[in-house]
Structures are given as structure tokens and as C-alpha cells.
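What follows is a short report on a single structure.
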Number of protein chains: 2
Amino acid sequence: MPGPSAVLWDGDVLGGPRLASVRGRIPPTTISRLPIYLRCLAAASPGATFCSSEQLAEIAGVNSAQVRKDLSYLGSYGVRGVGYNIAELEAQIRRVLGLDREYPTVIVGAGNLGRALARYDGFADAGFRVVALFDVDPAKVGPGPAGIPILAMGELERVVRDEDVAIAILAVPASAAQGVAERLAEAGIRSILNFAPTVLRIGDGVEVRRVDLSTELQILTYHLRSRLLSESG
Amino acid sequence: MPGPSAVLWDGDVLGGPRLASVRGRIPPTTISRLPIYLRCLAAASPGATFCSSEQLAEIAGVNSAQVRKDLSYLGSYGVRGVGYNIAELEAQIRRVLGLDREYPTVIVGAGNLGRALARYDGFADAGFRVVALFDVDPAKVGPGPAGIPILAMGELERVVRDEDVAIAILAVPASAAQGVAERLAEAGIRSILNFAPTVLRIGDGVEVRRVDLSTELQILTYHLRSRLLSESG
DNA sequence: TAGATTGTTAATCGATTAACAATC
DNA sequence: TAGATTGTTAATCGATTAACAATC
């Protein structure tokens, strides 16, 4: 086993004995594709044991060289002439993404979006357990959707501590987002999924990902418009 | 005026006389930042007339050289030594993104997410008018959220035609997404915002953007895990 | 062995950013 | 003019992809 100074971090810390280590940084673009591959593998033919990069690329809608390069960052899970062992590869991707445990999650903002997200099955399916919703409006406090309680904002720090919450989903108005994000960071949250249409300014210790619904639509209209112009021009 | 062969497309087609043309392709990464800039400009100090690339960069959370490069693709809207005229720049970004008109939009899937999206103010604020929701479940057909009707899937083609719908928001289960996307394409929809956790395989004539909620959370867990490992390692 | 497919190299492509001349 | 800031160039960085040797 190499000394700790030889590796940046080591996939074997949580992994099984059969599996090679993950060495060095995995590029962000690769990370963002791993969940897609995971889903494609889960959807692969039930009987199959192996899956080629070509097949995976076809389902995921990417280039097969990209699949091979992406997977090479995880270590060697392919068999030349055969393909990738589906079960092994799935396990390794889950391990690299940290999906071999459950993540207590809170949703801040119990408006339309927050409540819909609380009911969204996809989160639970992927191992994200929503332990509570929070809202500034005292009238909303009480039993919430899908059996998840809606709590007062004052409870935030206590719940984060008691339930060991690592992830917060931010579904508050843009005007409130920055303030709430700062409170979450202060309470010890290290990961925020931000649905508020605003750029959060927060320390490096907190990872923020933004899901910006209007922005996505506006990018679509750019293409609609340019297609229109090229047709009429 | 240059001949049509000299430009790929021309921002003046819908633009005012004062404004320079947009020539050539705007890089996708730039397009995806334009909505952010637009929001930052709208949020800029109400009294101000000009805004520097440095200020804009600060609010948008990007490098100021990037702001200048991005904006340079739109033509020359800055004044050296002064900054960008906020109102002019806003107008030009809206024009480039095609936001100088309204877009009739449909939401397919009247589940939790579809209904929450129908109620989401951000869409209407940005000029996206949701004309109808659609659902396979006949029991859901009838008056829907925010005064928007829930219609049977059979009505899809008629509504798309009659209301000149260009954008569809896909909020159906993954298993149904591909089939619905093909119907939408067939009906003449050119832009799809896909919330179903699946990669759509569809012709080049249809622009698809994916919003993948579980994937976003899984990217967060990757960083949580690697932070955990580097702390304990 | 012959056929298939990986893992990796090297080329290409595109995006970011520092630096600075142009110019308000 | 002096100070400020743009617009653009060139350097750097990172991501994609074709090609192919390694090898099952």
C-alpha cells in the first residue's frame, strides 16, 4: 500500500478489497456525467453482465471515447474485448459519488416548489432523506407533504445538528436566499442546492449548485430565436 | 448594409436602429451566462445608469475579463472609461435571447412537479405563459393550479397548433418521457425542458435542456465525500 | 488464433483569463 | 490631461475525441 503522501485520496477507504484505488482529481465534467452512467447501467438489459463503452455511450448520448476516459478515472473496471462488468461498475460509481450512505437533507422554503420537491420521489430513490421543511411563515408550520414536518426557521440549527444534516435544498424567494444560505453555512451545512434565482456569495467551505429554471428556458429561447432568424433571413 | 452572405445572422432583424449587429456564433457558455447578467443588471442600483464589467462580475460571481468577452459578442455596448449603459445592455441581452416576445408554453405531466412548475412565478415573470398542463390520468383533467387547465393528452396536438406553442416542459416519469418527447416533436414543439431523469433521443430540430434534480444532489455528495476523506485521511 | 473492446496517447477544440493598447 | 474602463489579443487551461497499441 502506498504511503498517504502518494495519493490525493483513496477509493479504498470505503471500498471493497477487489477494487482498485481512485487516484488524483476527477474532472468536474466527468463527475457530472457519472450519475447519468449510473442510471444507464441500472436501466441496462436485466440479463446482461457486461456493457461496452459503445453501448453506454449510445444510451447516455455521449461519445464512446468519452465514456472510456471518464471511467478510466475510476480505476480499471473494464475487460478488454468484453466491456465493463455492470454490477462492479455500478458499485464503484456509487462509491466514488459517495452514494453508499444516506444523506439527511432539509428543504428551506415550503412554498410551491419546496413542497413539490419534498414529495419528489427521485430524491428518496437516490438516498436523500428529507427530514424537514422550514418556512418563515408560522401559519405553514405543522404537518407537511409526504409526512415531512414543516418547522419554524428557529429550529434550523437544532435540526441540522441533531439529524446530522449535510445537504440543504434552498427553495426560498431570491431576496431571502443569501441570508438563509449564510445561516445554513453557519449551522454547518456543507452543500446547498439552490433553486432561488440568484448567485450566492458564500465561503469556499460550502459547495453550491444552482438550478435555475427561468435561465434554462431563456437559453431555449435563444435557440428558438436564432432558428427563426436563419429561416426568415 | 452587408450582404446576407457576410453574416451568419443579424441582431438588427428585430433590433432598433441604434444598436450594432450581432455577428457570428455566440459560444454556448456565453449564452448560458446572459440570463445571469440580465438578472444582475435588473438588480443593479436603481439610480445608476452605467455599470462596469468589474461590478457586474462581482454580482454574477465571475471574472471581469469574462464579462467583457461575453458582452463583446453582443456588439459594442460599453463606453471606455465609463462602463456599460444598463438600460441599453439589458435591452440588447433581451433581444439576443429572444425575450422581446412572449412564449406560450405547455407543461406535460400534472404530478407534484408539473403542478408546482405551473404555479412558479419565475416563468411568468420571464415571459413564459403556461397555457395548459397535460396528463394521461383522466381523473386529473379539469381546472388546474393558478387557473391553468389540465387537459387530456389527446388535446396536445390541437393546443400546440392553436396556441402556437413553441416550448414544452416535460414533467412526466422517466418511463414515459421518450414517448411524450416524440409526440411533442411531431406536434411541432422545437424546445423541450426535460425534468424527467432520462436522456432523450430526439432529432436535431428539437433543442432539449435537461434539469436533473437527483443528479445535482449526487454531484454534491461527491464533494461531501471527498472532503470527508481528505479530512480523515 | 481472430475478433472485440479497453485504456491511453496525442491532436484538436473550446473556454477562461491576464495583460494592455485603445479610447472615453 | 489624468484616470478609468473597455475591447481584444495571446497565453493558458481544460475538455473532447480520434486513433491505436495493449490485451482479453
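Every chain is numbered from 1 and lettered A, B, ... according to where its sequence line falls, protein lines coming before strand lines.
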side-chain hydrogen bond (donor to acceptor under 3.5 Å, both in side chains) contacts touching residues 183-196 of chain B (sequence neighbours left out) =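 Checked against side-chain hydrogen bond (donor to acceptor under 3.5 Å, both in side chains) - neighbours excluded - the pairs reaching residues 183-196 of chain B are B:Glu157-B:Arg183.
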
May I ask you to evaluate whether [X] reaches the phosphate of [N], defined as a side-chain N or O under 4.0 Å from OP1 or OP2?
X       : N      : value
A:Thr29 : D:dT16 : yes
B:Ser53 : D:dT5  : no
B:Tyr84 : D:dG7  : yes
B:Arg33 : C:dT16 : yes

Integer-rounded Å distance: [N] [atom2] and [X] [atom1]:
X       : N      : atom1 : atom2 : answer
A:Asn85 : C:dT6  : CG    : P     : 13 Å
A:Tyr73 : C:dT8  : OH    : C1'   : 10 Å
A:Gln66 : C:dG14 : CD    : C1'   : 14 Å
B:Leu56 : D:dT5  : CG    : P     : 13 Å
A:Asp70 : C:dT8  : CG    : P     : 14 Å
B:Ile86 : D:dT5  : CD1   : P     : 13 Å
B:Leu71 : D:dT8  : CG    : C1'   : 14 Å
B:Gln55 : D:dA4  : CD    : C1'   : 12 Å

With the side chain counted from C-beta on, respond yes when [X] and [Y] share a heavy-atom pair under 4.5 Å apart, and no when they do not.
X        : Y        : answer
B:Tyr120 : A:Asn112 : no
B:Ile192 : B:Arg209 : no
B:Ile93  : B:Leu99  : no

Taking atom types as modelled, is there a side-chain donor on B:Asp70 or B:Tyr37 under 3.5 Å from an acceptor on the other?
->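 B:Asp70 vs B:Tyr37: donor-acceptor pair found between side chains.
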
Between B:Gln178 and B:Glu182, is any side-chain donor less than 3.5 angstrom from a side-chain acceptor?
->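 Per modelled atom types, B:Gln178 and B:Glu182 side chains form a pair under 3.5 Å.
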
Cation-aromatic face contact A:Arg101/A:Tyr103, 6.0 Å, 45 degrees |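 Ring-cation test returns yes.
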
A correct dot-bracket answer for DNA chain C, with pairs being Watson-Crick or G-U at under 3.5 Å, [ ] for crossing pairs and | for inter-strand pairs, is ..||||||||||||||||||||||

Could you run down nucleotides 18-24 of chain C 5' to 3' and tag each one B, S or - for protein heavy-atom contact under 4.0 Å?
-> BB--BBB

Determine yes or no for a side-chain-to-main-chain donor-acceptor pair under 3.5 angstrom, with B:Ser45 supplying the side chain and B:Ala48 the backbone.
->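 It does not hold such a pair.
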
Donor-acceptor under 3.5 Å (B:Arg39 side chain, B:Ala60 main chain) |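 Not confirmed, B:Arg39 side chain does not pair with B:Ala60 backbone.
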
Between A:Pro27 and B:Glu54, which has a closest nucleotide on DNA chain D that is more 5'?
->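 Looking at the nearest nucleotide for each, B:Glu54 comes out on the 5' side.
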
